[in-house]
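Residue numbers start from 1 in every chain, and the chains themselves are labelled A, B, ... in the order their sequence lines are given, proteins ahead of strands.
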Amino acid sequence: MAEITISLPDGSQRSLVEGATATTLAESIGSRLAKAAVAAVVNGEEWDLGRELPADATVAIITADSDEGRHVLRHSTAHVLAQAVIQLFPGAKYSIGPAINDGFYYDFELPDGRTFNEADLASIDARMREIMKANQPFVRDELPAADALKVFADQPYKCEIIERVSTGAADNDDATEVGSGETISVYRNTPEFVDLCRGPHVPGTGRLGHFKLMKVAGAYWRGNEKGPMLQRIYGTAWESKAALDEHLHRLEEAEKRDHRKLATELDLLSFPQELGGGLAVWHPKGAIVRKLMEDYSRERHTNGGYQFVFTPHLANANLFETSGHLGWYKDGMYPPMEMDNGTYYMKPMNCPMHCLIFRSRQRSYRELPLRLFELGTVYRYERAGTLHGLMRIRGFTQDDSHIFCMPEQAAEEIKSLLDFVISVLKAFGFTDFTANLSTKDPAKYAGDDDAWDVATDALRAALEDYGLEYKIKEGDAAFYGPKIDIDVKDAIGRTWQLSTIQYDFNLPERFELEFVGADSARHRPIMLHRALFGSVERFFGVLVEHYAGAFPAWMAPLQAKVLPVAAAHQEYAEHVAKRLEQEGFRVDVADANDQLGKRIRAAKMEKIPYVLVVGDDDMAMNTVGVNPRGGEVERGVGLDEFVARLHDEIAGQLANV
RNA sequence: GCCCAGGUAGCUCAGUCGGUAGAGCAACGCACUCGUAAUGCGUAGGUCAGGAGUUCGAUUCUCCUCUUGGGCUCCA
């Protein structure tokens, strides 16, 4: 029998009998690998394990515990979901069902406008498990488009995809369903159930099983608001029960950290219905944290060479006509107010106002870079369905800066900006940063190509100089200039986009900004937009979730609570509290009206960094019993010693930048 | 804006196959004065989101509105 030679990722080679598949290969390497295998990469393309390998191929086995492997599991599980729904809901139409982060979904249209409910999920889940138990094979087939149309004759969504693909009009949505090429690939599980798919898939449904259907949602067909609304079922799927359980546990943890829940529990802020959607009021404890954030930001900006400005919340429509916002962003602005023979709008951004400050008098190149900073509150009419606690809100405060500089200063300025931004973020406990560099959208941009190149290079050079890992988002820039976005990873591994540094060619033009150069001629400055928190509200929400409400001592609403053991110790407790207050700490006394255990519990639920218990021994020795958040109780700590430790702790938290 | 699910005490929730409601925690009062995560007893607290309809009677059923949550779309 003829043999073929296969190259492996480590550069080694193996001989296999002609007709061998990736399964054969995996088995020849080891039984463990064969067991973990779900698909293979053959000459750079993802393939099913069961396809016959060509001679001289380079093959890598994809195992279930890799990102690619989980992707295959999820996509295969989505097919099983579709089969179960088709069986349980005769006449249902299925559209698309891709793998996504942590799971998969599938969109359906049910007969007579029926919708899924919770009970349906249970019965679909049960049917899916039967299909998996039956270990149906995933059989790949490739058909000409005309034949595929016949196979899917009663599936209008599938036919639409086939037609788009065969006429060369396929887009990203279609790409998970079918590959490019002359023929349409399909995967068949049973004589009755076949789905359009590019693959690859696991060899059989028995390979699946660690999944959970999560929820039902509406979703537009092809994301088109005007198109039909389909019924989407979301699920998650993993390579093992342990991995699935871990994922579900992570979701529970995330839910416990939800800033809206913690905001209520810790009495930080609320969203009263009377205010209207997307608007918050800050309670005293939330306000302390916010004020500390803002004070810290102001201090850093003062030291960083920024000049503080204030601007109003309302402006005449003329301003937003000049800036262009009314032209391209009107839908995102609150409706106009007619008054004083003019039209006024709430400001959705601070930049036009800062341009007016720059333009208020003649500027010299000696003043540049001119860095204006404002905690500026803006109002944006976010659509009702998009509001989400502090993360998506209608009135919010940007830590907004606009830097006006000469084009030749921009590169240096961006470099130091990046340093500044990351240093401040570190003070809030973030350690893991990545960046995105958004480049020109060739179809929509202002300014000349050279300027774009210079700007993009300046941003790229800053990222590389800093050594920050970054991805390039081609064509994702705003039309007025390229930008850097900075993502941070929080305590449970979620990423949040926070800071942004944007280059702007447009507003200096629109406002006709000028400075007098060393050559006595007038020149146009470059403008950099920069927000560090992004929105103070959103950043606060991210911090609440990052710390799960347990703020580090420097920004905790209360840093210590003093608990007298009994009423006889009340006076000493107040003495301790007073001393701590004199040291500048935020402290409170819990009177001995309740049992000690109960007061400790209450203080712990408030997530106060230090609970200080004082009794007879402490009165005699001028000490405190220290019960730190998340640590061991320590009796008999000298009051001076505790004060010194807390000062050190706070200094340490802010020094790590 | 669209699809789905909700809205009952400050919070978390139960309940009423149609006869105007209940628990735990919190609050308040009394007793207990206690050394590291819930002492006991008691009191008060609700137009059951709002409106209309059906009904002898609606918190419960129907419709509309508002609003919250999960998604979709959107986020210059």
Side-chain angles (χ1 to χ4, degrees), chain A residues 105 107 109-110 113-118 120-121 214-234 255 258 260-261 264-267 270-278 320 323-333 348-349 351 380-389 391-394 441 444 476-480 483 497 502 504 506 529 534-535 538 563-570 591-606 611-619 624-629 631-636:
Chain A
Y105 67 79
D107 288 348
E109 183 183 81
L110 298 182
R114 189 188 182 305
T115 56
F116 292 119
N117 58 40
E118 291 285 311
D120 294 333
L121 285 189
M214 304 299 285
K215 58 200 167 199
V216 183
Y220 297 108
W221 168 234
R222 295 174 58 72
N224 175 7
E225 266 189 276
K226 306 281 186 287
M229 173 70 75
L230 304 177
Q231 290 279 305
R232 174 171 298 180
I233 295 178
Y234 281 94
E255 201 175 319
D258 189 310
R260 294 163 301 182
K261 188 176 148 80
T264 304
E265 285 173 12
L266 301 176
D267 197 16
S270 58
F271 296 89
Q273 290 198 5
E274 295 85 339
L275 264 185
F320 299 118
S323 71
H325 287 102
L326 275 175
W328 73 75
Y329 190 60
K330 196 170 182 184
D331 289 348
M333 291 169 66
M349 288 191 167
C351 12
R380 299 182 185 182
Y381 180 71
E382 303 287 359
R383 297 167 82 185
T386 66
L387 300 173
H388 181 87
M391 303 306 184
R392 192 81 180 268
I393 194 170
R394 282 178 172 163
D441 179 351
K444 189 182 138 198
D476 208 44
F479 72 90
Y480 54 75
K483 63 171 177 175
Q497 195 206 93
Q502 303 193 356
D504 189 347
N506 183 52
H529 302 247
S535 130
R538 181 165 179 276
L563 278 55
V565 171
H569 315 114
Q570 183 77 25
D591 298 350
N593 292 330
D594 280 314
Q595 281 196 319
L596 181 61
K598 183 171 182 173
R599 284 177 287 144
I600 288 172
R601 181 165 196 272
K604 292 287 179 187
M605 307 259 275
E606 281 185 69
V611 175
L612 303 178
V613 175
V614 295
D616 289 335
D617 300 351
D618 300 298
M619 276 175 71
V624 292
V626 179
N627 185 338
R629 187 176 59 200
E632 295 292 311
V633 172
E634 189 181 356
R635 290 278 297 269

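Listed by chain and number, the residues in a side chain to side chain donor-acceptor pair (under 3.5 Å) with A/Glu606 are A/Lys285, A/Lys561 (sequence neighbours excluded). Remark: A/Glu634 engages A/Arg645 in a side chain to side chain donor-acceptor pair (under 3.5 Å) (not counting sequence neighbours). For A/Asp617, the side chain to side chain donor-acceptor pair (under 3.5 Å) partners two or more places apart in sequence, or in a different chain, are A/Arg635. Partners of A/Ala217 according to the side-chain contact (heavy atoms from CB on, under 4.5 Å) rule, which considers only residues two or more places apart in sequence or in another chain, are A/Tyr234. Judged as a side chain to side chain donor-acceptor pair (under 3.5 Å), and not counting sequence neighbours, A/Asp594 has no contacts. For A/Ser323, the side-chain contact (heavy atoms from CB on, under 4.5 Å) partners are A/Phe320, A/His325, A/Pro352, A/Leu507, A/Phe511, not counting sequence neighbours. Here A/Arg392 pairs with A/Glu382, A/Thr386, A/His388 under the side-chain contact (heavy atoms from CB on, under 4.5 Å) rule; sequence neighbours left out. In this structure A/Asp107 satisfies the side-chain contact (heavy atoms from CB on, under 4.5 Å) test together with A/Ser95, A/Ile96, A/Tyr105, A/Ala219, A/Leu230, A/Arg232, sequence neighbours excluded.
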Extract from the structure each pairing of a protein N or O with an N or O of nucleotides 41-48 of chain B at less than 3.5 Å, listing the distance.
none

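At B/C75, none of the side-chain N or O atoms of A/Arg392 fall inside 4.0 Å of OP1 or OP2 (strictly under the cut-off). Put simply, A/Lys215 has no side-chain N or O that comes within less than 4.0 Å of OP1 or OP2 on B/G70.
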Notebook entry, point to check: How does each nucleotide of nucleotides 8-13 of chain B score, in 5' to 3' order, for protein heavy atoms under 4.0 Å: base (B), sugar-phosphate only (S), or none (-)?
Noted result: ------

Next item on the list: Could you run through nucleotides 2-7 of chain B and give me one letter per nucleotide, 5' to 3': B if any protein heavy atom sits under 4.0 Å from the base, S if only the sugar-phosphate is that close, - if neither?
Entry: BBS---

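For the P atoms, the distance from B/A26 to B/U12 is 15 Å, rounded to whole Å.
Here A/Leu596 lies in heavy-atom contact (under 4.0 Å) with sugar-phosphate atoms only.
Counting only Watson-Crick and G-U wobble pairs whose two distances sit under 3.5 Å, RNA chain B takes part in these stems of three or more pairs: B:1-7 with B:66-72, B:10-13 with B:22-25, B:27-31 with B:39-43, B:49-53 with B:61-65.
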